[in-house]
Amino acid sequence: MQNSGQKEILSIVVPVCNEEDTIQIFFDAIQEVSLDILVEFLFVDDGSTDGTLSLLRNLSKKNSAVSYISFSRNFGKDAAIYAGMKQSRGDFVAIMDVDLQDPPELLPEMLASVKTGKYDSVGTRRSNRSGEGRVRSWFSVQFYKLINKMSETQLVYGVRDFRVMNRQMVNGILQLCENQRFSKGIFAWVGFRTKYIPYENHKRVAGNSSWTFVELFKYAVEGIVSFSTVPLTIVALIGLITFFLSVMAGIFIVIRALVSNTSVAGWPSMVTIILFIGGLQMLSIGVIGRYLSAIFIESKHRPIYIAKEIHHSSRFIQ
Ligand code: UDP
Ligand code: MG
């Protein structure tokens, strides 16, 4: 059905990276959900190397409500979310993973809450972490604790990228043009009234998660560096305390030499102290280096993504 200009539109933004097995299943699952709104699909192909792009081309030919953007390479899920939001035309925008870990049956409830105007956004969070390794779970719990202690931007525990927003909030998010996009932090940083719905973790419907543990760790560090400068303060504090202690020790040694005239051959403790301070310095330089690299990357003002192929849907479905 063509948009008559009266009915509101929901844009469903779906980042996809090597997802040829899941896209059709996802698309069919969404059709099952009854949404009282016009819908456009916006798939963002994040540099897939499998048949994802040709599948999207076919899907858009068969269904005129399907748009897609295909990146020139892999720019990451957060860049894909940004690109999708930028291309979206809806009064409301939903962000969803394609692997059905974000249950489509929650969409009507989420949309209804935003439509009432009481909330600008409805987010989701996982109430459990079944289907995930213990070590991975432990690290992610620690990550939320750490970032909430260090940053003024508070993250809800287990928050997902799955959410529905109104146009106002989407436009707010699009104003943040940073390259290193930590979406969860950005969603929180822009403010607006947000409600969170908890749900049980689901397993991927097909295919594999493309995140390794190391990638997740890097992502966590990026999140902290993007939203907190507390590590810099801690490093500066440690430096100050160490400096103060060494001055005191120096004074003590001089006085002791003057008073008692005994020199102790204590080189093992000396080496330990040198190693300790050397280690601290390296650590501090490392922390500062992380911030420096963040500034370095942002200072280039590179685009967040480069699109190779864009297809706009001609119609919306109801
Ligand atoms: N994704 C993406 N770019 C990437 C990695 C993932 O667009 O570099 C997409 C992926 O296709 C999926 C969503 O992001 O739709 C979530 O990815 P995944 O299921 O691998 O992550 P997990 O659920 O394990 O956090
Ligand atoms: Mg997943």
Side-chain angles (χ1 to χ4, degrees), residues 11-30 41-53 55-56 59 66-88 93-104 106-107 123-137 139-141 143-144 155 157-163 179-187 199-220 222-223 304-309:
S11 304
I12 302 181
V13 170
V14 194
V16 287
C17 180
N18 296 333
E19 298 280 6
E20 58 182 1
D21 298 332
T22 45
I23 291 172
Q24 191 64 50
I25 304 173
F26 169 82
F27 190 68
D28 295 341
I30 298 280
F41 287 88
L42 249 161
F43 289 96
V44 186
D45 166 28
D46 184 15
S48 298
T49 48
D50 64 353
T52 295
L53 179 57
L55 207 146
L56 288 178
L59 194 65
V66 172
S67 304
Y68 64 82
I69 308 164
S70 179
F71 285 177
S72 59
R73 65 167 171 86
N74 180 272
F75 280 88
K77 184 185 173 187
D78 297 276
I81 290 176
Y82 176 83
M85 287 174 72
K86 206 169 164 201
Q87 298 284 329
S88 70
V93 174
I95 314 275
M96 292 184 84
D97 284 2
V98 74
D99 55 12
L100 293 184
Q101 282 189 302
D102 299 336
L106 287 182
L107 266 181
T124 53
R125 61 182 186 84
R126 291 195 283 190
S127 56
N128 70 340
R129 290 192 166 260
S130 64
E132 196 183 60
R134 277 221 187 135
V135 180
R136 216 166 153 141
S137 284
F139 272 102
S140 78
V141 170
F143 167 70
Y144 281 99
L155 296 188
Y157 174 69
V159 64
R160 301 273 304 165
D161 290 332
F162 179 28
R163 64 174 63 223
N179 253 281
Q180 293 162 321
R181 301 184 73 79
F182 180 64
S183 293
K184 290 179 172 70
I186 290 175
F187 291 145
Y199 70 91
E200 299 255 313
N201 198 26
H202 293 247
K203 277 217 166 96
R204 236 178 189 281
V205 64
N208 288 315
S209 168
S210 35
W211 294 82
T212 63
F213 183 76
V214 175
E215 279 169 339
L216 278 177
F217 185 76
K218 273 162 75 181
Y219 191 61
E222 197 178 301
I304 296 165
Y305 66 94
I306 292 172
K308 198 169 150 224
E309 190 175 322

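Owing to the predicted nature of the structure, the values given are computational and were not obtained by experimental measurement. We count ligands from 1, going down the list as the structure has it; atoms in each ligand are counted the same way.
- Among protein heavy atoms, atom 5 (C) of ligand 1 sits closest to Ser210 OG, 3.3 Å.
- Considering Phe27, Tyr68, Phe43 in turn, Phe43 is the only one that fulfils the side chain to side chain contact (heavy atoms under 4.5 Å, CB included) rule with Val14.
- In Glu19, the part holding a heavy atom less than 4.0 Å from any atom of ligand 1 is the side chain.
- With respect to atom 17 (O) of ligand 1, the closest heavy atom belonging to the protein is Trp211 NE1, 3.9 Å.
- Within the 4.5 Å cutoff, the side chain of Leu106 has heavy atoms near those of the Phe162 side chain.
- Within the 4.5 Å cutoff, the side chain of Ile81 has no heavy atoms near those of the Arg181 side chain.
- Residues Tyr219 and Glu215 fail the side-chain proximity criterion, which asks for heavy atoms closer than 4.5 Å.
- The contact set between ligand 1 and Asn74, taken as ligand atoms under 4.0 Å from a residue heavy atom, comprises 4 (C), 8 (O).
- Interface of Val98 with ligand 1, defined as ligand atoms under 4.0 Å from a residue heavy atom, comprises 15 (O).
- Compare Ser48, Gly76, Gly84, Pro15 by their heavy atoms: the one nearest to atom 7 (O) of ligand 1 is in Pro15.
- Looking from atom 3 (N) of ligand 1 to the surrounding protein, the closest heavy atom is Asp46 OD2, 2.6 Å.
- Closest protein heavy atom to atom 14 (O) of ligand 1: Lys77 CD, 3.3 Å.
- In the displayed structure, Phe217 atom CZ is contacted under 6.0 Å by at most 12 heavy atoms of other residues, nucleotides or ligands.
- Near Asp99, the atoms of ligand 1 lying under 4.0 angstrom from a non-hydrogen atom of the residue are 19 (O), 23 (O).
- Nearest non-hydrogen protein atom to atom 23 (O) of ligand 1 is Gln101 OE1, 2.7 Å.
- You'll find the side chain of Glu19 stays beyond 4.5 Å of the side chain of Leu55, heavy atoms only.
- In terms of protein heavy atoms, atom 22 (P) of ligand 1 is closest to Ser209 OG, 3.8 Å.
- Two residues are said to be in side-chain contact when any heavy atoms from C-beta on lie closer than 4.5 Å; Tyr305 and Val44 fail this criterion.
- Summary of contacts: the protein heavy atom closest to atom 1 (N) of ligand 1 is Cys17 CB, 3.8 Å.
- In summary, Lys308 and Asp45 do not engage in a salt bridge, as defined by a charged side-chain N under 4.0 Å from a carboxylate O.
- Every atom of ligand 1 is numbered from 1 in the order shown, and the set under 4.0 Å from a heavy atom of Val16 is 7 (O), 11 (O).
- Across Asp102, Asp97, Leu216, heavy-atom proximity to atom 16 (C) of ligand 1 is greatest for Asp97.
- The side chain to side chain contact (heavy atoms under 4.5 Å, CB included) test with Ile12 is passed by exactly one of Val93, Leu42, Val66, Ile30: Ile30.
- Nearest protein neighbour of atom 18 (P) of ligand 1, counting heavy atoms only, is Arg204 NH2, 3.5 Å.
- Between Lys184 and Tyr144, some side-chain heavy-atom pair lies under the 4.5 Å cut-off.
- Look at Asp99 and the Mg ion (ligand 2): an N/O/S atom of the residue is under 2.8 Å from the metal.
- For the pair Arg73 and Phe75, the cation-pi criterion (under 6.0 Å, within 45° of the ring axis) is fulfilled.
- No part of Val44 comes within 4.0 Å of ligand 1, judged by heavy-atom distances.
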